[in-house]
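First comes the structure, then the notes that go with it.
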Amino acid sequence: MHPDEIWDETTASLYDTPGEGMFADDVLGPTVDHLADLAGTGAALELAIGTGRVAIPLAERRVPVTGIELSEPMVARLREKVGADAIPVVVGDMATTRAPGEFSLVYLVFNTVSNLLTQDEQVECFRNAARHLSPGGAFVIELWVPQLRQLPPGSPATVFASEPGYVGLDDYDVLHQRVVSHHFRYGRGREATHGISPHRYIWPAELDLMGRLAGFELEARYADWDRSAFTADSRSHVSVYRLTAT
């Protein structure tokens, strides 16, 4: 699917879930705290800013935030909350689009780097982040760890979530390092909705090499925004890279 088919007006209208899921205070609080610490007295750039889930509370912490976003419907949703004077956004892809200014922090949250479906695009995303950063600036990526150990023998798919009204299924192509996430939502009747999102999954070591190619070194890796320890059993990670080359 082309990104325009995924991040369309329907997706944008359903994206926000105030107080729940990734919009819950116990998720957003540690995220914004960590990013504010890394930004310091400088400005921040969010790649794939979406509807402003993280950018708005970060800006409320007096961190100047700029965004890059491919989806115009997502930007329109953001504009219902704040104006362009508060959080400017450049429409374009996160691998090549340039935003004006220089930043102490660039960040990319909630697995979004995996929406770039080739290794070359993902490498270019690191390089684009480096172009925006002042010397010594930080690039932060939040990304899930591929759960290949959970795949049943001989099966390409695994259930990653099962809860009332929702089932999530990941269908892996291990040859090409691709996964398609299927989201099934249903109510009390017999009807259900089905949404999909394609990804290219990245192992942490591969991500580190992408960083080195763009002039970054890994500074820290955590299991979550609360800075808990990353282990072999962690399902996701928050990786902080520091720009060492100009």
Side-chain angles (χ1 to χ4, degrees), residues 3-4 6-113 115-116 125-143 224-226 238-243:
D4 289 346
I6 300 171
W7 306 106
D8 58 6
E9 291 184 5
T10 299
T11 301
S13 68
L14 300 173
Y15 190 78
D16 291 4
T17 56
E20 299 180 359
M22 61 180 172
F23 285 82
D25 290 342
D26 60 349
V27 175
L28 270 177
T31 303
V32 174
D33 287 344
H34 197 163
L35 292 173
D37 287 347
L38 288 168
T41 59
L45 173 67
E46 180 170 357
L47 303 181
I49 194 171
T51 66
R53 178 182 72 95
V54 175
I56 292 173
L58 185 59
E60 290 172 349
R61 295 281 295 271
R62 298 187 178 180
V63 177
V65 182
T66 298
I68 292 175
E69 173 58 49
L70 181 66
S71 168
E72 293 191 35
M74 297 288 274
V75 176
R77 180 73 174 174
L78 169 62
R79 287 290 166 255
E80 296 175 4
K81 308 172 191 177
V82 297
D85 55 336
I87 300 179
V89 176
V90 179
V91 175
D93 73 275
M94 57 186 158
T96 62
T97 300
R98 188 73 165 89
E102 187 173 72
F103 304 88
S104 62
L105 171 68
V106 177
Y107 64 96
L108 186 54
V109 297
F110 208 68
N111 307 323
T112 312
V113 69
N115 292 144
L116 299 170
C125 185
F126 270 90
R127 289 175 174 156
N128 198 31
R131 284 192 289 269
H132 286 88
L133 283 168
S134 55
F139 182 32
V140 182
I141 292 181
E142 178 186 18
L143 185 62
D224 207 340
W225 291 101
D226 61 6
V238 174
S239 296
V240 180
Y241 295 93
R242 190 68 62 175
L243 185 64

Side-chain atoms of residues 133-143: list all donor-acceptor pairs with protein atoms under 3.5 Å, sequence neighbours left out, distances to 0.1 Å.
{"residue": "Ser134", "atom": "OG", "partner": "Phe103", "partner atom": "O", "Å": "3.2"}
{"residue": "Glu142", "atom": "OE1", "partner": "Phe110", "partner atom": "N", "Å": "2.8"}
{"residue": "Glu142", "atom": "OE1", "partner": "Trp225", "partner atom": "NE1", "Å": "3.2"}
{"residue": "Glu142", "atom": "OE2", "partner": "Trp225", "partner atom": "NE1", "Å": "3.2"}

May I have the list of side-chain donor-acceptor pairs in residues 42-50 shorter than 3.5 Å, sequence neighbours left out?
{"residue": "Glu46", "atom": "OE1", "partner": "Tyr107", "partner atom": "OH", "Å": "2.7"}

Would you compute the distance between atom [atom1] of [X] and atom [atom2] of [Y] and round it to the nearest 0.5 angstrom?
| X | Y | atom1 | atom2 | answer |
| --- | --- | --- | --- | --- |
| Arg53 | Met74 | CZ | CE | 10.5 Å |
| Thr97 | Glu69 | OG1 | CD | 10.5 Å |
| Leu58 | Leu105 | CG | CG | 7.5 Å |
| Thr41 | Arg62 | OG1 | CZ | 14.0 Å |

If you take all heavy atoms of [X] and [Y], which pair is closest and at what distance?
| X | Y | result |
| --- | --- | --- |
| Cys125 | Leu116 | CB-CD1, 3.7 Å |
| Val65 | Ala59 | CG2-N, 4.0 Å |
| Gly92 | Ile68 | O-CG2, 3.5 Å |
| Val32 | Val54 | CG2-O, 4.3 Å |
| Glu72 | Val91 | CG-CG1, 3.9 Å |
| Val75 | Val89 | CG2-CG1, 3.9 Å |

Going by heavy atoms in the side chains, are [X] and [Y] under 4.5 Å from each other?
| X | Y | answer |
| --- | --- | --- |
| Pro100 | Val90 | yes |
| Leu70 | Met94 | no |
| Leu38 | His34 | yes |

### Query
Just by distance, do the side chain of Thr112 and the backbone of Leu108 share a donor-acceptor pair under 3.5 Å?
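No; zero donor-acceptor contacts below 3.5 Å.
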
### Those residues that, when tested against Glu9, pass side-chain contact (heavy atoms from CB on, under 4.5 Å) (two or more places apart)
Pro73

### Task
Check side-chain contact (heavy atoms from CB on, under 4.5 Å) between Ala86 and all other residues, then give those that pass, not counting sequence neighbours.
Val82

### Qualifying salt bridge (charged side-chain N to carboxylate O under 4.0 Å, His left out) pairs, either residue in residues 80-107, two or more places apart
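Matches after skipping sequence neighbours: Asp16-Lys81, Arg77-Glu80.
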
### Query
Tell me the salt bridge (charged side-chain N to carboxylate O under 4.0 Å, His left out) pairs involving residues 30-40, sequence neighbours left out?
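Passing the test, one end in residues 30-40: Asp33-Arg61, Asp37-Arg227.
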
